[in-house]
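These notes are about the structure you will find just below.
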Amino acid sequence: MKDILKAIGRAVFKTPLGFLVTLKYIFKKPVTLDYPRKKKPMAPRYRGKHYLERYDDGTERCVCCGLCAAACPADAIYMEPEENENGERRAKIYEINLLRCIFCGFCEEACPEEAIFLGQEYEFSNYDRNSFIYTKDEMLVPHPRKDNPFKRIIRRVRRVYGVEDTK
Amino acid sequence: MAEHKNITLNMGPQHPATHGVLRVELELEGETVVKARPVIGYLHTGIEKTMESKLYYKALPATDRMDYLAPMSNNLGYCLAVEKLMEIEVPEKVKWARACLAELTRINSHLVWLGTHVLDLGALSPVLYTFREREMILDIYEACGGQRMMTSYIRIGGLSHDLPVDFDKKVRHIIDVLPEKILEYETLLTENQIFINRTKNVAVISAEDAVNWSLSGPMLRGSGVKHDIRKANPYSGYENFDFEIPVGENGDAYDRYKVRLEEMRQSLRIARQALDGMPEGPYRAHVPGVVLPPKEDVLHKMESMIFHFKIITEGFKAPCGAVYQAIEAPKGELGFYIAGDGTNHPRRVRVRPPSFVNIACLPALCEGGLVADVVCAIGSVDIVLGEVDR
């Protein structure tokens, strides 16, 4: 009997307090975002779609050392090296399979040349599986860059014997 | 007279109230559950084997994907186990930062649990409110490690980056705001007669049974057993913090709800202490050849560059031997057993996931109850199928 009275008491006096809480939110501004029109700025360290960086003179930072491919837990990176006209090493093929990629950021952390970054872009759905093989040309185009000042700006120039310095 | 027959009902694996791909085979006599059998394995991804085939540092992102609602706890458990195996001592600041993040993770996990559990029971509003608060914690994850769910922020020997500049401010904001919000959930639920009818004396498990089923976390404490690994076997500087272990009395779904809400308050207390007492210092241990050197050094110092290349390409060699490190994850005791064999990848990784052990007692919770209470039982256990199946 006592339990029933208690229950009735709760149902009459306590439960409506919950309705007051929900009612309160009718008069408050919504916290949700009008998504496709408005976008949330991502954090500076956000790990989105990859991009490759260049030096100020336009040379690619990537020297195709393969450390990112070695660090990749998902084996998503494939690369082949070549030499440019100055005899410097660079990537001939640099591909990231975005379907395999788990966006852990290990490539960015591993890169000793500060060439690869995981950018701010997070919308890259597509209709075609092949378009997720993300090639070097796509990665080198200027992207919305990460707010990430380089820790080393000066380019390390390797002198190659038998090749004339073009500068 | 027609012969009376029990019905076998298949619940799941696509049932929305089974929190993922859990399947429960129910034998019913009218509305009463005679037998319940959880069937797992629909989300098996072979995470343990994947981790065995990878270098120690590369196995870390796999741990994020087990209990995806509490990524930092998983990272922490794995890193502590490897650090134990390698005998690495991390800097003081890292310990305090890890404890702070682990407590935020506990709040994160409990918020999702609260929202989805009461959603199963018919309360539609709290899920919106809990996810709103969870957003603040996810923002901190994003500022720290760069990802909102698969953080991989806690690394072997330290953290992946230093704490972000506004970390202190953001966490303090949560500490200030969240108690009011928890009070709001309490107004919605604690004294709500419908909620009480659905959860009181439902899915009861006694203290003795809870121990015999080797339950852990809020499941165990809800039954009145005062056991918490943070107190019993402190790790990562938990011995420095002053907090209480909330316990329930009856071991029903309502008590577990109360225990989890109180745990969130205690977590905030720990997070505040961790922020107040956080010492200055490096964010990574200096262990050449095992822990990655800071990026500045890699770009400017030859030795660091060499170690950087060596660690990333070859990993580090762990000594022969096995370690077991358990932490108090949001859902219970999360243990990592790692056996090293002198090579650069583990010989055996075995995870003791709290959800897997806790869901085993589902028959004990459901049998004799009603079909509708099965949903309440599953919800109150707080499972994540990614962790159950691994």
Side-chain angles (χ1 to χ4, degrees), chain A residues 3 6-25 30-33 40-48 65-75 102-114 117-118 120 122 146 148 150-154 156, chain B residues 50 54-55 57-62 64-65 123-126 128-129 131-132 135 139-148 150-153 155 160-161 164-165 183-197 292 294-300 305 308-309 311-315:
Chain A
D3 283 352
K6 243 183 172 175
I8 293 171
R10 277 201 213 101
V12 175
F13 297 109
K14 295 286 185 174
T15 313
L17 288 178
F19 293 126
L20 275 181
V21 172
T22 43
L23 190 71
K24 194 175 74 184
Y25 282 101
V31 290
T32 45
L33 216 64
K40 196 175 154 287
M42 305 317 280
R45 290 177 190 171
Y46 185 72
R47 308 198 298 252
C65 66
L67 211 57
C68 48
C72 185
D75 297 337
I102 57 171
F103 299 93
C104 60
F106 280 19
C107 46
E108 180 181 325
E109 200 177 315
C111 185
E113 291 287 327
E114 295 185 299
F117 286 100
L118 276 79
Q120 304 280 329
Y122 52 89
K146 219 170 180 173
N148 195 343
F150 294 118
K151 298 186 177 86
R152 185 170 63 76
I153 308 160
I154 309 150
R156 282 195 197 118
Chain B
T50 311
K54 296 212 176 291
L55 303 180
Y57 79 93
K58 273 203 221 178
L60 184 77
D64 285 328
R65 284 149 179 84
L124 294 176
S125 307
L128 304 172
Y129 304 149
F131 271 69
R132 177 190 62 194
E135 198 70 8
D139 280 343
I140 290 180
Y141 285 0
E142 193 189 324
C144 286
Q147 205 71 286
R148 298 169 73 78
M150 307 299 164
T151 50
S152 304
Y153 181 56
R155 298 284 173 85
S160 77
H161 303 71
V165 273
L183 218 60
E184 205 167 72
Y185 313 145
E186 288 232 63
T187 324
L188 282 167
L189 297 167
T190 309
E191 294 280 314
N192 189 319
Q193 190 53 41
I194 306 164
F195 183 70
I196 288 173
N197 283 352
L292 284 180
K295 198 69 186 271
E296 294 85 355
D297 290 359
V298 173
L299 298 170
H300 295 110
M305 172 78 104
H308 186 78
F309 267 76
I311 294 167
I312 283 176
T313 50
E314 302 175 350

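Only heavy atoms go into these numbers, but all of them, side chains included; no hydrogens, no water, no symmetry mates. Below, read A as the first sequence line, B as the second, and so on, with proteins coming before strands; counting in each chain starts at 1.
Between B:Leu55 and B:Ile312, the closest side-chain pair of non-hydrogen atoms is not below 4.5 Å. Side-chain atoms of B:Leu299 and A:Glu113, non-hydrogen and from C-beta on, never get closer than 4.5 Å to each other. Looking at heavy atoms from C-beta onward, B:Tyr129 lies in side-chain contact with B:Tyr185 at the 4.5 angstrom threshold. The closest side-chain heavy-atom distance from A:Leu118 to A:Cys107 is below 4.5 Å. Looking at heavy atoms from C-beta onward, B:Glu142 lies in side-chain contact with A:Tyr46 at the 4.5 angstrom threshold.
Top candidate by heavy-atom pairs under 4.5 Å with chain A, chosen from B:Ala143, B:Ser160, B:Gly315, is B:Ala143. With chain B as the partner, the residue from A:Thr15, A:Val31, A:Leu67 showing the most heavy-atom pairs under 4.5 Å is A:Leu67. For the set B:Ala59, B:Gly145, B:Ala62, the count of heavy-atom pairs under 4.5 angstrom toward chain A peaks at B:Gly145. Between chain A and the options B:Asp64, B:Leu292, B:Ile196, the largest number of non-hydrogen pairs under 4.5 Å is found for B:Ile196. Your options are A:Phe103, A:Phe19, A:Phe13, and the one with the most heavy-atom pairs under 4.5 Å with chain B is A:Phe103. Interface remark: of the candidates B:Lys54, B:Arg65, B:Met150, B:Glu186, B:Arg65 forms the most heavy-atom pairs closer than 4.5 Å to chain A. The candidate with the highest count of non-hydrogen atom pairs below 4.5 Å against chain B, out of A:Leu17, A:Ile8, A:Thr22, is A:Thr22. Ranked by heavy-atom pairs shorter than 4.5 Å toward chain B, the options A:Ala110, A:Ala74, A:Gly66 are led by A:Ala110. For the set B:Leu189, B:Leu60, B:Leu128, B:Asn192, the entry with the most heavy-atom pairs within less than 4.5 Å of chain A is B:Asn192.
Enclosure of atom NZ in A:Lys40 by more than 12 non-hydrogen atoms of other residues, nucleotides or ligands within 6.0 angstrom is indicated. Other residues, nucleotides and ligands contribute at most 12 non-hydrogen atoms within 6.0 Å of the CD1 atom of B:Ile194.
Across every non-hydrogen atom of A:Cys104 and A:Pro73, the tightest pair is SG-CD, 3.6 Å.
Proximity to chain A is absent for every atom of B:Thr190, based on heavy atoms less than 4.5 angstrom apart. Residue contact with chain A, scored on non-hydrogen atoms closer than 4.5 Å, is absent for B:Pro126. If you measure heavy-atom distances from B:Ile311 to chain A, you find no contacts under 4.5 Å at all. Using a 4.5 Å cut-off between heavy atoms, B:Phe195 makes no contact with chain A at all. Using a 4.5 Å cut-off between heavy atoms, A:Phe106 touches chain B through its side chain atoms alone. Residue B:Asn197: no heavy atom, backbone or side chain, is found under 4.5 Å from chain A. With a 4.5 angstrom heavy-atom cutoff, A:Val21 touches chain B via backbone and side-chain atoms both. Contact annotation for B:Ser125: only side-chain heavy atoms (C-beta onward) come within less than 4.5 Å of a heavy atom of chain A. Residue A:Tyr122 does not touch chain B at all, counting heavy-atom pairs closer than 4.5 Å.
Ion pairing between B:Arg148 and B:Glu135 holds under the 4.0 Å rule for side-chain N and carboxylate O.
With rounding to the nearest 0.5 angstrom, the SG atom of B:Cys144 is 11.0 Å from the CG atom of B:Asp139. Atom CD of A:Glu109 sits about 9.0 Å away from atom CZ of A:Arg47, to the nearest 0.5 Å.
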